[in-house]
Amino acid sequence: MLAALVAFADTSPVVAVVIFALFALVLAAAVNLEYVYPPELFPTDLRASGVGIAVAASRIGSADSTFLLPIIVAQYSVNVALIACVIVLAIGGLICWAWAPETGTEALGEVAEEVQKESDEHTHH
């Protein structure tokens, strides 16, 4: 939707606002996954630290982008800033698609056993 906003940048302001509102709705729904998905990735004894690191990393990214956005808009344009956002979101989506494990079909205990097994393998090498 953000790419659509870039593509239709020269259309009416009403269309731009509607596209941006749809993007904001989707992003607001997706950001809630930050609190649901990471706890499923870590065994109980590491869960608080793992989730804390994931949330801290997201906050650092948010702070960086908040700082950089007005600089990019001032030096280039709003379209360049939007294209940069599209690229970052696309890269993040591809990384998640390629490497984020699917936990919906596993019990939390199975995920913990998998992580423990992988951790043991890495410490013995």
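We use all heavy atoms of the structure for the numbers below, so side chains are in, but hydrogens, waters and symmetry mates are not. Please read these numbers as outputs of a predicted model, since none were measured by experiment.
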Under a single-linkage definition using a 4.5 Å side-chain heavy-atom cutoff for Ile, Leu, Val, Met, Phe, Trp and Tyr, are Leu41 and Ile53 assigned to the same hydrophobic cluster? no

Side chains of residues 54-62: which donor-acceptor partners sit under 3.5 Å, not counting sequence neighbours?
{"from": "Ser58", "atom 1": "OG", "to": "Glu34", "atom 2": "OE1", "distance (Å)": "3.1"}
{"from": "Ser58", "atom 1": "OG", "to": "Glu34", "atom 2": "OE2", "distance (Å)": "3.4"}
{"from": "Ser58", "atom 1": "OG", "to": "Val55", "atom 2": "O", "distance (Å)": "2.8"}
{"from": "Arg59", "atom 1": "NH1", "to": "Glu34", "atom 2": "OE2", "distance (Å)": "3.4"}
{"from": "Arg59", "atom 1": "NH2", "to": "Tyr35", "atom 2": "OH", "distance (Å)": "2.6"}
{"from": "Ser62", "atom 1": "OG", "to": "Ser58", "atom 2": "O", "distance (Å)": "3.0"}

Just grab all the salt bridge (charged side-chain N to carboxylate O under 4.0 Å, His left out) pairs involving residues 60-71, residues at least two apart or on different chains. none

Nearest-0.5 Å distance, CG of residue Leu89 to CG of residue Leu82: 10.5 Å

Linking I/L/V/M/F/W/Y whenever their side-chain heavy atoms sit closer than 4.5 Å, directly or via other members, would Leu69 and Val78 fall into one cluster? yes

If you look only at pairs with a residue in residues 79-89, which of them pass as a salt bridge (charged side-chain N to carboxylate O under 4.0 Å, His left out), with sequence neighbours excluded? none

All N/O donor-acceptor pairs, side-chain side in residues 90-100, below 3.5 Å, sequence neighbours left out:
none

Acceptor/donor pairs from residues 70-77 side chains to any protein atom, 3.5 angstrom cut, sequence neighbours excluded:
{"from": "Ser77", "atom 1": "OG", "to": "Asn79", "atom 2": "N", "distance (Å)": "3.4"}
{"from": "Ser77", "atom 1": "OG", "to": "Val80", "atom 2": "N", "distance (Å)": "3.2"}

Contacts under 3.5 angstrom, residues 16-29 side chains, donor-acceptor by atom type, not counting sequence neighbours:
none

